[in-house]
There are 2 protein chains.
Amino acid sequence: MADVTLRDVARVSGCSVATVSRVLAGTRPVGAETARRVREASEALGYRPNHAARALRSRSTGTVGLVLPQITNPFYPTLVRELTHALHAEGRAVLLADCDDDPVAEAEYIADLLGRQVDALLVIPAHEERSRDAVTAAVARVPLVLMDRGCGPAVADSVAVDNTAGMALVLDHLAATGRRRVCFLGAAGTASTATERRGAYAAGAAALDPGAPDRVALGDFSVEWGRAAVDEVWPTRPDALVCANDLIAVGALQRLQQLGVDVPGDVAVTGFDDIPMAALSAPGITTVRQPVAELAAEAARLLARRLAGGEEGPRQAIRLAPELIVRESSAPSTASRPSGTVPAPGGGRRAVPTQTGPSAPA
Amino acid sequence: MADVTLRDVARVSGCSVATVSRVLAGTRPVGAETARRVREASEALGYRPNHAARALRSRSTGTVGLVLPQITNPFYPTLVRELTHALHAEGRAVLLADCDDDPVAEAEYIADLLGRQVDALLVIPAHEERSRDAVTAAVARVPLVLMDRGCGPAVADSVAVDNTAGMALVLDHLAATGRRRVCFLGAAGTASTATERRGAYAAGAAALDPGAPDRVALGDFSVEWGRAAVDEVWPTRPDALVCANDLIAVGALQRLQQLGVDVPGDVAVTGFDDIPMAALSAPGITTVRQPVAELAAEAARLLARRLAGGEEGPRQAIRLAPELIVRESSAPSTASRPSGTVPAPGGGRRAVPTQTGPSAPA
DNA sequence: CTGAAAGCGCTAACAT
DNA sequence: ATGTTAGCGCTTTCAG
């Protein structure tokens with residue numbers, strides 16, 4: 001309450017402010033007895049360092065800015081949580097900015113955060129191209145790590161899941177469970193998550209069926225698009241819908257159920273990200289889980305490295321391996337129907353089960 | 001990049017640092033011509049105020065701390081978004097701390113944020129009692145607004161939805177659609193959201209059925225509990241499950257579907273909060289929508305008031321009215337099935353629809 | 001190992 | 001209306 005300063009601690013412990021500073025920061029060796037007295041006094045007075053003063057003097061605020069496109073995107077809360085925890089563990093605080101998918105707002109937030117002397121920036125760019133200038137400008141001022149999405153080649157250090165590997169996990173799984181007429185419900189646009197996932201689909205789907213790479217519908221990463229996409233592709237009678245993220249999968253599932261289509265009997269549905277809703281949906285959605293805690297830890301590590309080692313060293317692009325989470329939405333089409341369910345009207349061939357756990361690694 | 005300071009601007013524009021400061025902050029009248037020169041120089045040099053210095057001197061960082069229990073609780077992302085937008089609009093930045101439902105961590109974050117000289121604190125307390133000391137201590141140092149949950153009587157200004165009114169909306173709706181054997185799936189514990197909602201249920205349910213106030217199962221605010229709670233209450237054959245939040249409702253719905261129970265034919269299910277999942281669930285969940293944007297705006301307003309007007313004025317406890325969102329999960333039990341849907345096997349009586357929009361006010 | 005002193009960049013008295 | 005000056009609380013030379 002009463003703002004206790006270094007001077008107060010110095011007075012009470014009977015030494016100079018310099019000594020107190022050294023004890024508390026551990027910057028330089030201090031006599032054991034003196035150190036004890038200082039710590040005692042500091043404790044007794046309830047001393048709290050004034051970060052503003054410290055920042056002014058040491059040019060470091062112990063603060064990092066986190067700029068993201070939409071906290072309401074269900075993939076981000078978990079990421080934010082892991083990031084804040086990782087950074088707090090290093091004694092840093094997190095300034096949060098939600099730019100609402102607007103690159104202009106994003107640029108303003110970045111500028112504002114730089115003005116507030118953040119030590120570093122963590123950015124999930126809102127747009128592949130339109131975020132680039134602001135990010136590039138920021139990179140020149142502070143360490144900056146890009147997360148989740150890219151923003152041009154080698155613009156900054158980056159950490160993301162290996163989307164290509166994730167899509168391969170899905171396709172392998174579908175192949176192994178007898179699906180052939182797969183079809184991709186993806187997102188148009190240049191976001192790296194969109195391009196990488198659809199690229200990986202195109203590359204891998206040919207192994208299932210020569211026609212598969214062309215069975216692609218592109219919209220955005222939303223539930224609404226998932227619903228609409230089903231109407232677009234259903235006439236081609238696919239036996240699996242590979243969705244570019246879980247929201248699309250949720251939408252697809254809804255529309256299929258509305259149409260009376262049996263999932264997974266008639267068609268399998270898969271997602272990407274493993275947002276909470278994927279597990280809670282009925283049927284549960286088979287998806288690719290991003291290693292969120294590890295992504296956060298890597299980002300924090302990269303930042304720490306730049307903050308310590310200065311600017312040197314080449315840009316790093318870290319890709320972490322995802323994990324396939326198998327749920328009911330992709331149970332083999334050959335599976336017998338669970339009891340308590342009614343056969344769909346369209347009627348489809350189906351037979352022997354192969355084995356499907358609620359969650360199995362690839 | 002090159003750190004331009006007030007002095008540089010002063011030198012170039014040919015006046016004193018004080019004048020420059022006054023021009024840029026607009027604190028005091030300055031000659032038009034001088035002001036122009038200053039602004040020009042500042043522009044030309046790319047001057048960026050140093051917030052650390054400003055904070056040290058003026059004892060105001062333009063920063064507010066936001067402490068919450070769990071960003072992964074699906075109700076909070078929207079709130080966080082609205083709060084950050086409201087505060088950014090006033091030129092403040094937001095320091096985020098997720099205490100992971102741990103009052104001890106919460107206390108540490110609060111102390112840390114105070115050390116970082118936040119101008120104010122926004123706290124969603126993790127615990128009704130165990131958060132109190134930290135909050136009380138913080139209230140003595142900076143303006144503080146409690147959100148969503150309480151933390152003892154009149155500890156600080158607070159903003160929350162009117163839980164009692166919300167529960168009344170639900171009960172009225174159920175009564176109007178012919179439900180009588182209602183039953184409450186709530187949360188034990190002393191969080192205000194838990195106590196107020198179950199209190200309101202107990203108070204209002206008697207109007208439907210004398211036995212209703214006693215048909216109560218208490219657990220926590222989770223999907224898992226929703227599932228378990230169904231097993232606990234289903235033997236009493238209720239025709240409506242009033243859930244204390246949407247997560248419980250989602251769990252209840254899942255378990256009911258697993259049991260082959262028809263919703264809303266056999267039983268209606270309602271939630272509270274209107275998290276995104278409530279709309280996306282199948283059937284959509286009837287729920288009570290919190291006026292999130294308004295809650296955020298009120299909180300920002302309260303903070304601004306304290307920040308401007310000093311400490312004076314009595315503590316305010318603002319309660320905002322919620323809105324009932326009617327979805328399929330509570331359609332009258334007499335409703336006919338939408339076309340394109342397959343009859344469930346368990347077979348339940350059902351008939352004419354009354355009218356159900358995807359979203360209707362009470 | 002410790003103390004004295006010089007600011008970090010800015011704002012707010014206090015002069016003029 | 002403008003300039004001068006004194007710090008905000010801390011870290012960090014530089015002496016001792």
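In what follows, chains are A, B, ... by sequence order, proteins preceding strands, each numbered from 1.
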Can you tell which of [options] lies closest to the side chain of [X]?
| X | options | answer |
| --- | --- | --- |
| A:Ser21 | D:dC10, C:dC10, D:dT11 | D:dT11 |
| B:Val17 | D:dC10, D:dT5, C:dG3 | D:dT5 |
| B:Arg59 | D:dC8, C:dG7, C:dA13 | D:dC8 |
| A:Arg28 | D:dT2, C:dT2, C:dC8 | C:dT2 |
| A:Ala18 | D:dG3, C:dG3, C:dT2 | C:dG3 |
| A:Ala53 | C:dT2, D:dT11, D:dG9 | D:dG9 |

Exercise. From A:Leu122 CG over to A:Leu95 CG, what is the distance, rounded to the nearest 0.5 angstrom?
Worked result: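 Nearest 0.5 Å value for the CG-CG distance: 12.0 Å.
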For this session: Rounded to the nearest 0.5 Å, what's the gap from SG on A:Cys99 to NE2 on B:His85? Could you check?
Result: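 Between atom SG of A:Cys99 and atom NE2 of B:His85 there are 8.0 Å.
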Rounded off to whole Å, could you give me the [atom1]-to-[atom2] distance for the [X] and [N] pair?
| X | N | atom1 | atom2 | value |
| --- | --- | --- | --- | --- |
| A:Asn50 | D:dC10 | CG | P | 6 Å |
| A:Arg116 | C:dG9 | CZ | P | 19 Å |
| B:Gln117 | D:dC8 | CD | P | 14 Å |
| B:Leu45 | C:dG9 | CG | C1' | 15 Å |
| A:Glu33 | C:dC1 | CD | C1' | 14 Å |
| A:Arg22 | C:dA4 | CZ | C1' | 10 Å |
| B:His51 | C:dC8 | NE2 | C1' | 16 Å |
| B:Leu6 | C:dA12 | CG | C1' | 13 Å |

Below 4.0 Å: OP1/OP2 of [N] and any side-chain N or O of [X]:
| X | N | value |
| --- | --- | --- |
| A:Arg54 | D:dT11 | yes |
| A:Thr19 | C:dC1 | no |
| B:Ser58 | C:dA12 | no |

Exercise. For A:Gly62, does its backbone N or O pair with a side-chain atom of A:Asp119 as donor and acceptor, under 3.5 Å?
Worked result: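 It does hold such a pair.
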Exercise. Between the side chain of B:Thr84 and the main-chain N/O of B:Arg81, is any donor-acceptor distance below 3.5 Å?
Worked result: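 Indeed, once roles are kept as given, a pair shorter than 3.5 Å links the two residues.
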Exercise. How would you label the contact of A:Thr5 with the nucleic acid (heavy atoms, under 4.0 Å): base, sugar-phosphate, or nothing?
Worked result: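 Answer is sugar-phosphate: A:Thr5 comes under 4.0 Å of backbone atoms only.
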For this session: Applying side chain to side chain donor-acceptor pair (under 3.5 Å), run through B:Thr61 and B:Gln117 and close with a yes or a no.
Result: CA-CA 6 Å; B:Thr61 52; B:Gln117 331 310 129; over 6 Å; no
For this session: Kindly say whether, by distance alone, the side chain of B:Arg57 makes a donor-acceptor pair under 3.5 Å with the base of D:dG7?
Result: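 In this structure, the two groups form a donor-acceptor pair.
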Problem set entry | 5' precedence on DNA chain C between A:Thr34 and B:Arg48 (nearest-nucleotide basis) |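 Its nearest nucleotide being more 5', the pick is A:Thr34.
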